[in-house]
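What follows is a single structure, written as C-alpha cells, with notes after it.
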There are 2 protein chains.
Amino acid sequence: MDEILIFLLKQGAHRAPFRISTTVIGKELDMSQQNASRRMILLEREGAIKRSSTGLTITESGLRTLNEFHNELKNALEWKVERLEFTGTVIDGLGEGEYYIKKYAKKLKENLGYIPYFGTLNVKLGPGEMQKRSRLRLIEPIIIEDFEEDGRKFGGLFLYKCRIKDIEGAIVIPMRTHHGMDVLEIVSKEKLREKLGNKRIKITLV
Amino acid sequence: MDEILIFLLKQGAHRAPFRISTTVIGKELDMSQQNASRRMILLEREGAIKRSSTGLTITESGLRTLNEFHNELKNALEWKVERLEFTGTVIDGLGEGEYYIKKYAKKLKENLGYIPYFGTLNVKLGPGEMQKRSRLRLIEPIIIEDFEEDGRKFGGLFLYKCRIKDIEGAIVIPMRTHHGMDVLEIVSKEKLREKLGNKRIKITLV
DNA sequence: ATTACTAAGATTCGAGTAC
DNA sequence: TGTACTCGAATCTTAGTAA
C-alpha cells in the first residue's frame with residue numbers, strides 16, 4: 001500500500017480537497033521533492049488521486065483501495081473463530097487414501113468414534129477460500145500423533161470434524177502436508193465420492 | 001508496511017507457529033523464492049518475525065507494528081469530528097503579528113466579534129499532535145478572503161475559534177501558510193503571552 | 001514560490017546455483 | 001525437498017536544473 005496515499009488519507013484528502021506541495025509531502029515522508037512529485041504522478045495515473053486548482057482529492061477508486069486494505073488488516077487482527085464453511089470441487093485423488101485409512105483405522109476410530117469409509121475425498125478449494133483455509137490452523141484440532149506399525153512410520157494428522165450435506169466427516173491435514181494449500185482431504189462414514197460426483201460441495205466445520 | 005508481514009498475519013502467524021516455505025510465500029505474493037527468502041531474513045533481523053523448528057511466528061514487536069499501522073488507517077478512515085484539543089509549548093514569534101493584526105483588525109472584528117490583542121501567540125505542537133493538526137482541515141473554518149488595502153495585498157485566513165484556559169481566542173491559519181505544520185498561531189482578546197509565559201498550554205476548539 | 005524532467009546513484013529483484 | 005548466496009537486470013530515489 002502506497003505510503004503517500006496513506007499520508008494523504010491521514011490529512012483527510014478523502015473528505016475535502018487539500019492543498020499540499022510535493023516539497024511538504026517529501027519532507028513529511030522523508031523523501032525528496034522530486035520523488036514525491038514522481039509518485040504523485042503515478043498515483044494520479046492509477047486514478048487513486050486527482051489534482052485540480054482547488055487542491056488534491058483521493059478518488060472513489062483510491063478510497064476503495066484503502067478501505068479494502070484496511071478491512072483485510074482488520075479481519076486478520078480482529079478475527080474471531082466463527083462458523084467456517086468451505087466451498088470447493090471434488091477432484092480425483094491418487095487412490096492412496098484407501099491404504100492410509102486402513103493403516104490409520106484404529107487411531108481414527110479412537111478419535112472420531114468410527115472407522116471412515118476406505119477412501120478419501122479430495123476437494124479443491126475455490127480461489128476465495130484460501131484465506132479461510134489458513135484459519136483452520138487457529139481452530140483446536142483433534143491430533144493423531146506420529147506412530148509406528150510393523151516397522152513403518154506414519155506421520156501425525158490434524159483432524160477437524162465437519163459435515164458435508166449432513167454426512168459426518170473430518171478434514172484431514174497431515175502434519176507434514178503433501179497437498180497444496182488449496183486441496184482439502186476429507187474422510188467420512190459414508191462413501192462420499194459416489195454420492196457427490198465431480199461437483200461443487202460445501203464443507204461445514206462442526 | 002511490509003507485504004510479507006501482512007501476508008503472514010493473514011495466515012494467523014501471530015496466533016500459532018506457522019510452517020511455510022519461502023517458495024510458497026513467493027508464489028502467493030507473486031515474487032521469486034529468492035526475494036521472499038531475502039525479505040524474510042530482513043524481517044527476522046528487524047525482529048518482526050522469529051523462525052524456529054516449530055515454525056514461524058510474528059513477534060510481539062512485529063504485531064505491535066502491525067497494530068499501530070492498522071490503528072492509523074482506522075483513525076483516518078473512521079474518524080468523526082469530536083472535540084479537538086492541542087497541547088504545545090509557547091515559542092517566540094517573529095514579532096510581525098502586531099503589524100498583521102492591525103491590518104486584519106477590521107476583518108477579524110467582523111468575523112470573531114472582537115479585535116484581538118495586537119500580537120499573536122505561537123505554539124509549537126508536541127510530536128503526537130501533528131496528526132490532530134491535520135484534522136483541523138476537516139472542520140468548517142471561518143474564512144477571511146484575500147483583500148487589498150492601500151495597494152498592498154493580504155492573503156486570506158482560516159480561523160478556528162478556540163479557548164486557552166477559558167480565554168477566548170482563535171487559531172489563525174494563513175491560506176498560503178508560512179509556518180510549518182507544527183506551529184499554531186493564536187489570536188485572542190487578552191494578552192496571552194504575558195499570562196502564559198514559555199510553557200505548555202492546552203488549546204481547545206469550540 | 002511551484003512541478004517535473006534527466007542522469008546518476010542506491011536499492012530491490014530474479015536467475016542461476018550451492019548446500 | 002528446503003534456504004540463501006552471487007551477480008546482472010530492473011526499479012526506485014536523489015541531485016541538479018528547467019520551466
Side-chain angles (χ1 to χ4, degrees), chain A residues 1-8 11 13 17-57 94 96 146 153-156 173-183, chain B residues 1-8 11 13 17-57 94 96 100 146 152-157 173-181 183:
Chain A
M1 178 56 45
D2 190 275
E3 57 176 329
I4 292 190
L5 192 56
I6 291 177
F7 170 73
L8 296 174
Q11 308 310 307
F18 179 41
R19 288 181 172 287
I20 190 168
S21 73
T22 53
T23 311
V24 172
I25 295 175
K27 205 168 289 176
E28 289 285 332
L29 296 181
D30 201 34
M31 64 173 73
S32 66
Q33 172 275 318
Q34 293 88 337
N35 193 28
S37 167
R38 187 183 61 85
R39 291 177 59 168
M40 290 291 280
I41 293 169
L42 291 179
L43 281 174
E44 205 166 10
R45 279 210 199 117
E46 288 168 19
I49 63 169
K50 217 165 68 182
R51 288 186 282 185
S52 75
S53 53
T54 41
L56 179 160
T57 334
L94 301 169
E96 49 180 17
D146 295 355
K153 286 180 182 172
F154 294 92
I173 313 267
M175 287 184 186
R176 284 166 286 285
T177 190
H178 34 66
H179 275 124
M181 287 277 283
D182 57 341
V183 177
Chain B
M1 177 56 45
D2 189 276
E3 57 176 330
I4 291 190
L5 193 56
I6 291 176
F7 170 73
L8 296 174
Q11 307 311 307
F18 179 41
R19 289 182 171 285
I20 191 167
S21 72
T22 54
T23 311
V24 172
I25 294 175
K27 206 170 285 173
E28 290 285 331
L29 296 181
D30 203 33
M31 65 175 71
S32 67
Q33 172 273 319
Q34 293 87 338
N35 193 28
S37 166
R38 189 183 59 86
R39 291 178 57 168
M40 290 291 280
I41 293 168
L42 292 179
L43 282 175
E44 206 167 9
R45 278 206 201 123
E46 288 168 19
I49 63 170
K50 216 165 70 182
R51 289 188 281 185
S52 74
S53 54
T54 41
L56 178 162
T57 332
L94 301 170
E96 51 181 18
Y100 281 107
D146 295 355
R152 180 144 165 30
K153 285 180 182 172
F154 294 92
L157 300 179
I173 312 267
M175 288 183 186
R176 284 167 289 284
T177 188
H178 32 67
H179 274 125
M181 288 278 281
V183 176

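Quick note on labels: first sequence line is chain A, next is B, and so on, each numbered from 1. Just so we're clear, the structure is a prediction, and the values are computed from it rather than from any experiment.
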TODO: Answer yes or no: does a side-chain N or O of N35(B) lie under 4.0 Å from OP1 or OP2 of dT12(C)?
DONE: no
- [ ] Figure out the CD/C1' separation between E3(B) and dC13(C), and round it to whole Å.
- [x] 12 Å
- [ ] Could you tell me the separation between the CG atom of D30(B) and the P atom of dC13(C), rounded to a whole number of Å?
- [x] 12 Å
Task: Length of the CE-C1' vector between M31(B) and dT11(C), whole Å - done: 15 Å
Task: L42(A) CG - dC5(C) C1' separation (whole Å) - done: 14 Å
Task: Spatial distance of atom CG (L56(B)) from atom CZ (R19(B)) [nearest 0.5 Å] - done: 10.5 Å
Open item on the list: Does dT3(C) have OP1 or OP2 under 4.0 Å away from a side-chain N or O of T22(A)?
Closed with: yes
- [ ] Could you check how far CG of L43(A) sits from C1' of dT3(C), rounded to whole Å?
- [x] 15 Å
Task: Spacing of I4(B) atom CD1 relative to dT12(C) atom C1', expressed in whole Å - done: 12 Å
Open item on the list: Using the side-chain heavy atoms of I41(B), tell me which of these nucleotides is nearest: dG16(D), dC12(D), dA4(D).
Closed with: dA4(D)
Open item on the list: Checking side-chain polar atoms at under 3.5 Å, does Q33(B) have a donor or acceptor matched by the opposite partner on T23(B)?
Closed with: no
- [ ] Please determine if a side-chain N or O atom of R38(A) lies less than 4.0 Å away from the OP1 or OP2 oxygen of dT13(D).
- [x] yes
- [ ] Under 4.0 Å between any heavy atoms, over every strand shown, what does M40(B) touch: base, sugar-phosphate, or nothing? Just pick one.
- [x] nothing
Open item on the list: I'd like to know if Q33(B) reaches the base of dG2(D) with its side chain, counting only an N/O donor and acceptor under 3.5 Å.
Closed with: no
Open item on the list: Can you tell me how far apart CZ (R38(A)) and OG (S32(A)) are? Round to the nearest 0.5 Å.
Closed with: 8.5 Å
TODO: Take the protein atom NZ of K27(B) and the nucleotide atom P of dG14(C), then report the distance between them rounded to whole Å.
DONE: 14 Å
Task: Short side-chain N/O contact to dT13(D) OP1/OP2 from R39(A), under 4.0 Å - done: yes
Task: Residue whose nearest DNA chain C nucleotide is more 5′ - R51(A) or Q34(B) - done: R51(A)
TODO: Take K50(B) and E44(B) through the test salt bridge (Lys or Arg N to Asp or Glu O under 4.0 Å) and record every step on the way to the result.
DONE: CA-CA 6 Å; K50(B) 216 165 70 182; E44(B) 206 167 9; over 6 Å; no
Open item on the list: If I take atom CD1 from residue I20(A) and atom CZ from residue F7(A), how far apart are they, to the nearest 0.5 angstrom?
Closed with: 4.0 Å
Task: Below 4.0 Å: OP1/OP2 of dT3(C) and any side-chain N or O of S37(A) - done: no
